[in-house]
Amino acid sequence: MKEFIESRNQKMLDAYALLPSLITEHDGIEQTVLAGGYGYRQIMELVQNGADAILEADQEGYPSPEKNRIHLLLQGKYLYAANTGAPLSKEGVEALLSSHSSPKRGNQIGRFGLGFKSLLRLDGRIDIFTRTSGAIRFDPKRCRRELKAQFGVTEAPGLRLAWSLPDSERSDDNLLDQLAWAETIVRAEVPNEELHDHLQQEIQRFPSKFLLFFPVGTTLVLDHGEEHARKLRVEQHGNEQVLHDGNEVSTWRVVQRNVAITDKRALADATHIHARDSVPLTWAIPLESGREEAGLFWAFFPTKTPTYLSGILNAPWKLNSDRNAIIAGEWNSALMTEAANLVAETLWLLSTPDDPGRPLDAFPRQLERKDEDAAPLVEALWGRLKNAAVIPDATGKPRRAHELQRHARDNADLARKWQVLAGPDALRQIVHPSCLERQRVSRLKALADRLNAQPNDQNPLW
């Protein structure tokens with residue numbers, strides 16, 4: 001690795017000598033990264049880098065002396081990020097020293113190799129210690145200083161050169177011994193007190209539901225050094241996932257599939273950055289009563305774009321530069337069509353013997369405007385719901401909407417009394433009384449409108 005880094009540095013310097021404008025371009029890329037959504041996402045970026053390493057180890061069969069673990073620790077003037085994932089490769093170092101060239105594939109989360117550059121905001125040295133590859137130092141101030149001196153420029157990038165570290169650097173830090181279980185440890189200096197406070201807040205606010213979308217069982221510890229550390233993990237209980245965040249526990253139904261996007265216009269919109277042979281698509285719905293989750297699109301971390309659907313819809317969406325909202329385009333529309341198929345085909349899993357009508361809670365709300373970013377999802381889903389067996393009849397069996405009639409009066413108590421008296425044939429033609437709560441009635445009416453059917457107050461089965 002030492003020889004590789006020295007050779008790589010020389011090639012970079014040779015490239016700058018041949019084309020000095022690259023120095024300005026690379027500095028501009030770093031400034032754009034810090035000015036956009038990456039500028040205050042250090043914790044998220046380090047977690048997802050660790051998660052990608054664990055996923056790679058799982059896929060490639062790397063042996064690990066420990067169970068899958070990611071541990072972030074803010075202690076004194078340093079931020080540590082340790083993981084048990086795959087070793088740092090030469091390709092990985094190349095991605096850290098480049099931009100828009102990260103070798104992501106399959107279910108891996110990150111992209112571009114830009115996330116690591118968010119650490120530039122911390123304004124200190126960044127060291128990476130590995131079991132396999134030795135220790136590497138990224139020193140933005142030294143990098144800028146040497147490039148300015150050699151090429152006579154006034155501005156220069158900070159993450160285009162790296163240096164090997166002696167073994168003594170590890171032995172001088174006792175906290176590295178505490179993290180000795182890890183394959184890789186990132187140690188970033190945080191000399192700025194204000195940024196130290198920001199990192200504390202980011203650790204405290206880290207979205208625990210991230211683990212619902214990570215396919216490999218992993219324990220995530222987030223410790224800002226002043227209170228009890230947050231320990232996050234997910235347990236699988238049958239078809240349900242139980243998310244633990246310290247003493248907080250929540251139960252989720254999570255359905256996932258890998259989808260292949262083959263539409264040429266969508267692939268052209270995605271470009272090589274997003275397009276992959278197969279992309280993961282996940283829908284997570286909270287199961288506790290009274291825990292209605294405001295529907296949002298997630299790209300492994302939350303965006304601010306509503307889905308008009310219950311729960312969280314996670315996929316590698318195309319995002320704006322701040323990474324806080326999805327953007328319109330053929331790629332996202334194609335993913336939304338696949339998401340509508342996933343939701344329609346799995347919606348019935350929300351039904352329970354005590355509450356067969358619960359799938360109606362997850363029906364999409366009506367759009368406020370037709371130009372909403374979620375419009376392709378909502379329209380596709382309503383189209384699928386017309387012929388999906390998701391409405392329970394009075395026996396509790398799921399049926400297609402056009403096979404059923406509503407009660408003459410949307411009164412759950414009367415419907416339950418009727419249910420006791422009606423015969424089998426009648427029960428199979430009328431919606432279940434659990435569908436007749438106020439919110440559920442409005443969604444039944446919306447589906448009736450979509451079917452061009454009007455409520456029938458003279459229903460003979462009543």
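Only this structure's heavy atoms are used, side chains among them; waters, hydrogens and symmetry mates stay out.
- With respect to the salt-bridge test (charged N to carboxylate O, under 4.0 angstrom), the residues Lys148 and Glu146 do not qualify.
- A donor and an acceptor atom, one from each side chain of Trp252 and Ser250, are located under 3.5 Å apart.
- For the pair Ile185/Leu176, a side-chain contact is recorded, criterion being any heavy-atom separation below 4.5 Å from C-beta on.
- The backbone N or O of Ala266 sits less than 3.5 Å from a side-chain atom of Asp263, completing a donor-acceptor pair.
- Between the CD1 atom of Ile29 and the OG1 atom of Thr24 there is a distance of 11.0 Å, given to the nearest 0.5 Å.
- Remark: Arg257 engages Glu345 in a salt bridge, criterion side-chain N to carboxylate O under 4.0 Å.
- Of the charged side-chain nitrogens involved, at least one lies within less than 4.0 Å of a carboxylate oxygen, so that Glu169 and Arg137 count as a salt-bridged pair.
- Asp269 has no carboxylate O lying under 4.0 Å from a charged side-chain N of Lys264, or vice versa, which leaves the two without a salt bridge.
- Between Val47 and Leu72, some side-chain heavy-atom pair lies under the 4.5 Å cut-off.
- Between Met44 and Pro207, some side-chain heavy-atom pair lies under the 4.5 Å cut-off.
- Arg125 places no side-chain N or O within donor-acceptor distance of the main-chain N or O of Lys141, the cut-off being under 3.5 Å.
- Panel note: side chain Ser171, backbone Ser168; a donor-acceptor pair is recorded below 3.5 Å.
- Considering all non-hydrogen atoms of both residues, Ala82 and Ala182 come closest at CB-CB, 3.6 Å.
- Arg8 contributes no side-chain N or O that, together with a main-chain N or O of Leu161, makes up a donor-acceptor pair within less than 3.5 Å.
- Listed for the Thr305 side chain is no donor-acceptor partner under 3.5 Å among the backbone atoms of Ala325.
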Checklist entry - Could you go step by step and tell me if Tyr16 and Gln150 meet the side-chain contact (heavy atoms from CB on, under 4.5 Å) rule? => result CA-CA 10 Å; Tyr16 285 152; Gln150 183 165 344; over 6 Å; no
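- Within the 4.5 Å cutoff, the side chain of Leu377 has no heavy atoms near those of the Thr337 side chain.
- Note that the CH2 atom of Trp298 and the CD1 atom of Ile312 stand 4.5 Å from one another [nearest 0.5 Å].
- Of all heavy-atom pairs between Asp27 and Glu155, the closest is OD2-CB, 3.6 Å.
- Between the side chains of Asp14 and Gln10, at least one donor-acceptor pair of N or O atoms lies under 3.5 Å.
- Looking at Glu330, its side chain never comes within 3.5 Å of a backbone N or O of Leu267 through a donor-acceptor pair.
- At least one side-chain heavy atom of Pro157 sits under 4.5 Å from a side-chain heavy atom of Ile23.
- Side chain of Asn324 to backbone of Thr303: no donor-acceptor contact under 3.5 angstrom is found.
- Side chains of Arg384 and Asn341: a donor on one and an acceptor on the other come within 3.5 Å.
- For the side chain to side chain donor-acceptor pair (under 3.5 Å) condition, the pairs that include at least one residue of residues 213-225, sequence neighbours left out, are Gln204-His224.
- Of the possible polar contacts, one joining the Asn68 side chain to the Gly217 backbone as a donor-acceptor pair under 3.5 Å is found.
- No salt bridge links Lys90 with Glu94; every basic N to acidic carboxylate O contact stays at or beyond 4.0 Å.
- Residue Leu385 comes nearest to Pro364 through the heavy atom pair CD1-CD, 3.9 Å, listed as atom of the first residue, atom of the second, then distance.
- A salt bridge is absent between Glu45 and Lys117; no separation between the charged side-chain nitrogens and carboxylate oxygens falls under 4.0 Å.
- Atom CD in Gln241 sits 10.5 Å away from atom CD in Glu235 (nearest 0.5 Å).
- With a 4.5 Å cut-off on side-chain heavy atoms, Leu122 and Gln42 count as touching.
- Looking at Glu288, its side chain does come within 3.5 Å of a backbone N or O of Thr251 through a donor-acceptor pair.
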Checklist entry - Is there a salt bridge (Lys or Arg N to Asp or Glu O under 4.0 Å) between Asp373 and Lys304 once you walk through the steps? => result CA-CA 11 Å; Asp373 291 319; Lys304 296 180 180 179; over 6 Å; no
Next on the checklist: With side-chain contact (heavy atoms from CB on, under 4.5 Å) as the criterion, how do Ile128 and Thr184 come out once you've worked through the C-alpha distance, each side chain's angles and the decisive distance to 0.1 Å?
Outcome noted: CA-CA 7 Å; Ile128 299 182; Thr184 302; 3.8 Å; yes
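- At least one test fails for Arg187 against the ring of Phe129: distance under 6.0 Å to the centre or angle within 45° of the axis.
- Ser333 OG to Lys318 NZ: the interatomic distance, rounded to the nearest 0.5 Å, is 11.0 Å.
- Two residues are said to be in side-chain contact when any heavy atoms from C-beta on lie closer than 4.5 Å; Ile326 and Met336 meet this criterion.
- Classification of the Phe210-Phe214 ring pair by plane angle, with boundaries at 30° and 60°, yields parallel.
- A 4.5 Å side-chain heavy-atom check between Leu79 and Ile43 finds at least one atom pair inside the cut-off.
- Two rings, from Trp382 and Phe363, have their centers less than 6.0 Å apart.
- Nearest heavy atom pair, residue His237 against residue Val242, reads ND1-CG2, 3.6 Å.
- Shown here for Leu367 and Glu372, the closest heavy-atom pair between the two residues is CD2-CB, 4.0 Å.
- Rounded to the nearest 0.5 Å, atoms CG (Leu281) and CG (Leu313) are 5.5 Å apart.
- Remark: Arg369 engages Asp371 in a salt bridge, criterion side-chain N to carboxylate O under 4.0 Å.
- Nearest heavy atom pair, residue Ile5 against residue Ala162, reads CG2-O, 3.2 Å.
- In this structure, the side chain of Arg253 engages the main chain of Leu349 through a donor-acceptor pair within 3.5 Å.
- Within 6.0 Å of atom CD in Glu3, 12 or fewer heavy atoms from other residues, nucleotides or ligands are found, so the atom counts as exposed in its surroundings.
- In this structure, CG in Leu222 is found 9.5 Å from CD in Glu202, a value given to the nearest 0.5 Å.
- Between the side chains of His71 and Tyr80, no donor-acceptor pair of N or O atoms lies under 3.5 Å.
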